[in-house]
Amino acid sequence: MSEYIRVKGNIIEKTGGTSRVYAKGGIEHNSNGKIEYFAESYSYGEPQKPPLKLMDGAVKEIELLTALDLGSANNKSGKTQQGMIFGNTYHFRVKSYMKDPPNNLSTIKWMIKYESPSQNKWLEIPLTAKGNSIKITLNDEDMCGCFIYLRAYVYNKEKEAEYKEWKHNRFKWFDSMIVESEITERTDNGKPWLIDQSGTSLCGMACIFYLFAKEQPDAYKKFAKELFRTGVATVNSYTVKPSIEILEKNPMGKDFPHNGTPMFLIDYITMAGTRNTDNRDYKGGNEEFQAINWPPLMTSLSEKLLGYKDVVSKGVYNPVKPLAYSSLDIKNKIDDINNQFKSGYKLILMIDSDLIDDIWDTSSLDLHWIVLESPIIWNYIPGLLGVKLDEIDFKVYTWGTDPNGTNRYLKKVITSSHFINNYNGYIKMK
């Protein structure tokens, strides 16, 4: 119905607050005289929707009936917070209405809203279930590490009830602020050598992720963050998806890897997570044999995870070695290594750990992977009554140590005998 109003005099309207006019069509002002607007400021933009008055039966409050779980408070305090976890089912119901419940409870609709880190935008997910009660299984990894907003409504999803709850990261006991700072150190701050296997046998994993963070920092950063948050991450053609034993590990627990101090969180996430993906018998502790990184795994990860096209393994493990080497044998091995290095190959060496230690222990075999970071320099001068000079030096990455720092490996120059008796072979890649 329309109304026609004619006013012969003036219309004066005074409001103590804000005066708003909403129209579905246009708004017209016509005058034989002036149309005057007085204001401190003007604004223009998209038309706003008129406010809706919630009707009887609208949903006012939602409550959660399922117990929450503890996880990290994510603020470097070491404290915990309550939250939902991946894979659990949660029971919600309407707690109250604006007045009385609607006559038909099936008119109550539900939806989930969250800000997706992977898509960098807000997502709204309508749920098929209706009524005053609902059970939801949170099996979407993308929702991990986010606040989840559950809404129930009859008339207006924006104005009726909303329940907000935190959903833990998949590594729920790991502090996200610490994880973020460790990733930043290894990438933005240019210190990939901080990656440390701690007290584990994950030296091969350390070499793989050292090269990953050093050569592809942006890809490493994305991979590490995604694995921490969702429990699964893919890079190139390799997917890491650790088991629940890895995901549930508590850094404060006695079975968490340590070597005087606990393993860095992000190194555990990436290295233990990757090793467990290949070998479920590795449970993320200090297990030595299960954590060992065998040569086929190293070449596979070099290709599939790091994405190198040219990967070759040469003599990485030879349990039967000659008892004696000539100086020519040693020279040929060193020249081969240096030629690969100068040709642009990344080299992971298989050695006995005595090769880079101060002391050469001939009584045990401690196989170890390291990354070569310089050509091998051999100063050798033979003499009539013996060798006048025999010194070998080079730089490597291992055990969370800067290859170019004052505390680098080798700890001191070594002899050719020390080198050849503790060197096995290499994996080259580019």
Side-chain angles (χ1 to χ4, degrees), residues 54 58-96 108-184 221-233 241 244 247-251 265-266 269:
L54 292 178
V59 182
K60 184 178 180 181
E61 291 179 286
I62 307 169
E63 62 180 342
L64 172 63
L65 303 178
T66 308
L68 295 170
D69 290 88
L70 289 175
S72 173
N74 299 312
N75 57 10
K76 293 187 177 182
S77 67
K79 296 180 179 179
T80 59
Q81 65 175 327
Q82 298 269 4
M84 300 185 290
I85 59 176
F86 174 84
N88 272 17
T89 299
Y90 294 91
H91 187 189
F92 295 88
R93 74 179 177 191
V94 175
K95 184 178 180 181
S96 65
I108 301 174
K109 298 176 283 291
W110 299 79
M111 65 166 286
I112 287 177
K113 181 179 179 180
Y114 75 104
E115 188 173 12
S116 169
S118 63
Q119 300 186 46
N120 194 29
K121 65 179 182 180
W122 283 93
L123 299 180
E124 293 185 354
I125 304 171
L127 303 177
T128 56
K130 293 180 173 60
N132 68 341
S133 177
I134 189 173
K135 290 184 178 180
I136 306 171
T137 300
L138 297 179
N139 53 9
D140 185 345
E141 289 97 345
D142 191 48
M143 292 183 183
C144 295
C146 300
F147 280 103
I148 306 300
Y149 299 82
L150 181 70
R151 291 178 174 176
Y153 60 97
V154 176
Y155 306 106
N156 188 305
K157 65 183 181 182
E158 302 294 335
K159 298 294 182 178
E160 297 183 51
E162 180 179 82
Y163 181 93
K164 176 184 175 182
E165 190 59 74
W166 171 252
K167 184 180 179 185
H168 292 300
N169 296 291
R170 286 305 305 276
F171 286 83
K172 67 175 184 177
W173 297 112
F174 288 41
D175 191 313
S176 64
M177 290 187 67
I178 295 176
V179 170
E180 286 278 349
S181 65
E182 291 176 353
I183 293 174
T184 298
K221 188 186 303 184
K222 181 178 183 297
F223 172 88
K225 289 182 178 181
E226 197 73 5
L227 183 57
F228 162 64
R229 188 176 68 84
T230 70
V232 57
K241 192 172 184 178
I244 195 67
L247 298 169
E248 291 289 328
K249 191 74 70 174
N250 191 328
L265 301 186
I266 195 56
I269 291 166

Quick one: pull up [atom1] in [X] and [atom2] in [Y] and give me the separation to the nearest 0.5 Å.
X      : Y      : atom1 : atom2 : value
Lys221 : Ile183 : NZ    : CD1   : 8.5 Å
Trp166 : Met84  : CH2   : CE    : 10.5 Å
Phe86  : Thr230 : CZ    : OG1   : 9.0 Å
Leu64  : Glu165 : CG    : CD    : 6.5 Å
Tyr155 : Lys109 : OH    : NZ    : 9.5 Å

By side chain to side chain donor-acceptor pair (under 3.5 Å), which residues pair with [X], not counting sequence neighbours?
X      : value
Glu248 : none
Trp173 : none
Glu63  : Arg93
Ser181 : none

Less than 4.5 Å apart, any side-chain heavy atom of [X] and any of [Y]?
X      : Y      : result
Trp110 : Ile62  : yes
Phe174 : Pro251 : yes
Tyr90  : Leu68  : yes

Minimum heavy-atom distance [X]-[Y], with the two atoms named:
X      : Y      : value
Ser176 : Asn74  : N-OD1, 3.0 Å
His168 : Leu70  : NE2-C, 3.6 Å
His91  : Ile134 : CD2-O, 3.3 Å

How would you list all residue pairs meeting salt bridge (charged side-chain N to carboxylate O under 4.0 Å, His left out) that involve residues 65-91, not counting sequence neighbours?
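Output for this query is empty, none listed.
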Using residues 135-151 as the side-chain source, report each donor-acceptor pair under 3.5 Å to any protein atom, sequence neighbours left out, with the distance given to one decimal.
unit_1, atom_1, unit_2, atom_2, d
Thr137, OG1, Thr89, OG1, 2.7
Asp140, OD1, Asp142, N, 3.0
Asp142, OD1, Ser118, OG, 2.7
Asp142, OD1, Arg229, NH2, 3.0
Asp142, OD2, Tyr114, OH, 2.7
Asp142, OD2, Ser116, OG, 2.7
Asp142, OD2, Ser118, OG, 3.4
Arg151, NE, Glu162, OE2, 2.7
Arg151, NH1, Glu158, OE1, 3.4
Arg151, NH2, Glu162, OE2, 3.0

Please determine whether the number of non-hydrogen atoms from other residues, nucleotides or ligands lying under 6.0 Å from atom NZ of Lys60 exceeds 12.
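Atom NZ in Lys60 is not crowded, with 12 or fewer foreign heavy atoms closer than 6.0 Å.
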Could I get the full list of salt bridge (charged side-chain N to carboxylate O under 4.0 Å, His left out) partners for [X], not counting sequence neighbours?
X      : value
Lys249 : Asp255
Glu180 : Lys225
Glu115 : none

As a test of understanding, state which of Asn169, Val179, Leu247 forms a side chain to side chain contact (heavy atoms under 4.5 Å, CB included) with Ile269.
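Option passing the side chain to side chain contact (heavy atoms under 4.5 Å, CB included) with Ile269: Val179.
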Check residues 119-127 and write down every donor-acceptor pair under 3.5 Å in which the side-chain atom is one partner and the other belongs to a residue at least two apart or another chain.
unit_1, atom_1, unit_2, atom_2, d
Glu124, OE1, Lys157, NZ, 3.0

Who pairs with Phe92 by ring-ring contact (aromatic ring centres under 6.0 Å, His included), at least two apart in sequence or on another chain?
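Tyr163.
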